[in-house]
Student: 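The structure's right below; bear with me while I get my questions together.
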Amino acid sequence: MTDTSAHPDALDAAALLRWYVAMGVDLAVGETPLDRTAPPAPAPMPAPAPAAAPPRVAAPPSVVAAPVADTFAGAVDLDDLRARLEAFEGCALRRMATRTVFGNGPADARLMVIGEAPGADEDRSGTPFVGRAGQLLDKMLASIGWPRETVFVTNVVPWRPPGNRNPTAEEVTLCKPFVLRAVELIAPRALLLLGGSAAGAILDRHDGITRLRGRWQSLATPSGEIPVMPTFHPAFLLRNPPSKALAWRDLLALKARLGAPPR
Ligand code: URA
């Protein structure tokens, strides 16, 4: 409720905040406010070109610079991988996120689940899939006899993109070496990929989740091929309940291949 005894400026500020919330703004990205109504600063004078500068060739954005891939490829275990990820400055998303969402579950899990990127709940808690989609994921896993605590769950991108936007192709390319090293270290017997973004990133396939889901794929790792089942993302299933029947089929195929978890 609005405090009507407050100063008129405070009332204006409260109304402005309510308007921001109604427009979907849920994140402040800078410490210093920006006056977006101020006239643009005059363009700087172009600097004279250096006499004989050698031509510079930019690396194509889709290629991971070798040092980025090496950062994660050298991790000797999950603790080492987590420490390297916490120290990684190469992806701008980490500066806007509250927490790094590494992943959780047994280090020797037989089943590994990979989603797209953390949302607001995961950003606050530092744990993947704890919001509404995560609660549905827990039910999906329990329904095939693989309760959440038996499974290692993570995301391709370990930092929340602001406003829950989709990660860009460049952000996925920067973060993918992290999740691929996690797969190598855990060496699960099967991977469950949630949604088109995770499936596209891990399998390098961009034909869409509707085509990919329900068909076994394979991921080559240094210790052998890992069977991969792509399925719908639980956030999509929350919006499209009839598609749960198809996801259920995919989960049954996974269960048939994996059997029961170890006791
Ligand atoms: N959606 C994802 O892809 N990952 C999470 O951790 C939460 C929601």
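Atoms within each ligand, like the ligands themselves, are counted from 1 in listed order. Please read all numbers here as calculations on a predicted model, not as lab measurements. In what follows, residues are counted from 1 in the order of the sequence shown.
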Student: Has E116 got a side-chain atom pairing as donor or acceptor with L194's backbone, closer than 3.5 angstrom?
Tutor: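 Flag not set: sc E116 to bb L194 has no pair under 3.5 Å.
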Student: Does D207 have any salt bridge (charged side-chain N to carboxylate O under 4.0 Å, His left out) partners at least two apart in sequence or in another chain, and if so, which?
Tutor: R205
Student: Is a side-chain donor or acceptor of T100 paired with a backbone partner of F102 at a separation under 3.5 angstrom?
Tutor: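 Here the side-chain-to-backbone pair does not exist.
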Student: Might you list the protein residues in contact with ligand 1, defined as having a heavy atom under 4.0 Å from one of its atoms, sorted by chain and number?
Tutor: G115, E116, A117, P118, E122, P128, F129, N155, H233
Student: Name all residues meeting the salt bridge (charged side-chain N to carboxylate O under 4.0 Å, His left out) criterion together with R132; count only those two or more places apart in sequence or in a different chain, and write none if there are none.
Tutor: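 Expected list: none.
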Student: For F88, does its backbone N or O pair with a side-chain atom of T71 as donor and acceptor, under 3.5 Å?
Tutor: no
Student: Apply salt bridge (charged side-chain N to carboxylate O under 4.0 Å, His left out) to R213 and list each qualifying residue two or more places apart in sequence or on a separate chain.
Tutor: D250
